[in-house]
Amino acid sequence: MAKLNQIIAVEKGVKNKSFQDVTAAHHKVQKPALLAGISRTYQPKDEEGEQLPPESTRVQVKAEDVLRETAASLTRLFDVTATKDWANCTARADVTVDGRTVVADVPVGHLLFLEKQLTDLHTFVKKLPVLDAAESWSLDPSTDWWKTDAVRTIRTKKVPRNHVKAEATEKHPAQVEVYYEDVPIGYWTTVKFSGALPARRVNELLERVEKLQQAVKFAREEANASEVTDRRVGEAVFGYLFA
């Protein structure tokens, strides 16, 4: 008895061959010259007239034959596809991670869906915002945000000062240079907050996604290894269509 994965493996080849066969059949019946034949003989008006050989052209394509060949080719495609589709209704497997069954008895079609979704989720989790590693963070229970320790910094103000380069004399005024001095006037106390995630948390989530991805792939392989029952629908379909 065949396995589902064997049917899936041959399905593409059967599809391609059927497509080629049907395309060729379509081209055949679209050429009137291939379906036409003729036979004619010549008889002169009298015995002294010119004698000409008979002419004939055989029919090269018979539409009924084309229908029969097309039905035979498509019957194989219909049967293979039906066998796969019926098997997909019954092929199932458990998704298990580290000995724990996450989802039980999953149909193979849904396993394919899970694979695609987990690929998208892996991209999403990988791009989650991460807390700045240059800071020391702790969880603030009052806000449920991450926060840094308070850092106190001085606020200064530039105050002009005079520097006398030369004292005044009877003939010259004093030479004074103005400069600015930073004078402390207060203090800033800063606490940074963030809604990002610790790198450890992101790595844990990525590991979970990747484990589940592997589990789903294993489950799909197990489901695809299920035995299938050959289905014969093509003969019934074309027995009705081309009868």
With sequence neighbours excluded, residues passing salt bridge (Lys or Arg N to Asp or Glu O under 4.0 Å) with Glu221: none
Set of salt bridge (Lys or Arg N to Asp or Glu O under 4.0 Å) partners for Glu177, sequence neighbours left out: none
For [Y], does its backbone N or O pair with a side-chain atom of [X] as donor and acceptor, under 3.5 Å?
X: Gln117; Y: Leu114; value: no
X: Ser194; Y: Ala196; value: yes
X: Arg231; Y: Thr83; value: no

Are there more than 12 heavy atoms of other residues, nucleotides or ligands under 6.0 Å from atom [atom1] of [X]?
X: Glu235; atom1: CD; value: no
X: Phe124; atom1: CZ; value: no
X: Gln43; atom1: CD; value: no
X: Glu181; atom1: CD; value: yes
X: Tyr179; atom1: OH; value: yes

Donor-acceptor pairs are to be reported for all side-chain atoms of residues 66-80 against protein atoms at under 3.5 Å, with residues two or more places apart or in another chain.
unit_1 : atom_1 : unit_2 : atom_2 : d
Arg68  : NH2    : Asp65  : OD1    : 2.2
Thr70  : OG1    : Val66  : O      : 2.8
Ser73  : OG     : Asp21  : OD2    : 2.8
Thr75  : OG1    : Ala71  : O      : 2.6
Asp79  : OD1    : Val233 : N      : 2.9
Asp79  : OD1    : Gly234 : N      : 2.9

Between [X] and [Y], is there a shared hydrophobic cluster once you connect ILVMFWY residues whose side-chain heavy atoms come closer than 4.5 Å?
X: Val22; Y: Phe19; value: no
X: Phe113; Y: Leu111; value: yes
X: Trp86; Y: Val14; value: yes
X: Val29; Y: Val59; value: no

Results of side chain to side chain contact (heavy atoms under 4.5 Å, CB included) for Ala87 - residues two or more places apart only: Leu4, Val228
Partner set under side chain to side chain contact (heavy atoms under 4.5 Å, CB included) for Pro184, not counting sequence neighbours: Ile154
Could you give the distance from [atom1] ([X]) to [atom2] ([Y]), rounded to the nearest 0.5 Å?
X: Glu204; Y: Arg201; atom1: CD; atom2: CZ; answer: 6.5 Å
X: Glu167; Y: Gln175; atom1: CD; atom2: CD; answer: 10.5 Å
X: His163; Y: Lys165; atom1: NE2; atom2: NZ; answer: 7.0 Å
X: Asn88; Y: Ile8; atom1: CG; atom2: CD1; answer: 6.0 Å

Asp94 and Thr96 side chains, donor-acceptor separation under 3.5 Å: no
Connected hydrophobic set around Trp137, excluding itself, where side chains approach under 4.5 Å: Leu131, Leu139, Trp146
Hydrophobic cluster partners of Val159 (side-chain heavy atoms under 4.5 Å): Val183
Exercise: identify the closest heavy-atom pair between Val178 and Pro160: CG1-CB, 4.2 Å
Least distance between heavy atoms, Lys3 atom then Ala225 atom: CD-O, 3.0 Å
Audit row: Arg92, Val106, side-chain contact (heavy atoms from CB on, under 4.5 Å) steps and yes/no: CA-CA 5 Å; Arg92 298 167 180 266; Val106 186; 6.0 Å; no
Using atom types as modelled, flag every donor-acceptor pair under 3.5 Å from a side chain in residues 205-220 to any protein atom, sequence neighbours excluded.
unit_1 : atom_1 : unit_2 : atom_2 : d
Glu210 : OE2    : His122 : NE2    : 2.8
Lys211 : NZ     : Asp98  : OD2    : 2.8
Arg220 : NE     : Glu115 : OE2    : 2.1
Arg220 : NH2    : Glu115 : OE2    : 3.2

Inter- and intrachain pairs under salt bridge (Lys or Arg N to Asp or Glu O under 4.0 Å), touching residues 45-57, at least two apart: Arg40-Glu55
Pairs satisfying side chain to side chain donor-acceptor pair (under 3.5 Å), at least one member in residues 148-160, at least two apart: Lys158-Asp182
Glu11: side-chain hydrogen bond (donor to acceptor under 3.5 Å, both in side chains) partners, not counting sequence neighbours: Lys84
Residues forming a side-chain hydrogen bond (donor to acceptor under 3.5 Å, both in side chains) with Lys116, sequence neighbours excluded: Asp120
Side chains of Lys147 and Lys192 in contact at under 4.5 Å (non-hydrogen atoms): no
Residue pair Asp132 / Glu135, side-chain heavy-atom distance below 4.5 Å: yes
Audit row: Val95, Thr101, side-chain contact (heavy atoms from CB on, under 4.5 Å) steps and yes/no: CA-CA 6 Å; Val95 177; Thr101 300; over 6 Å; no
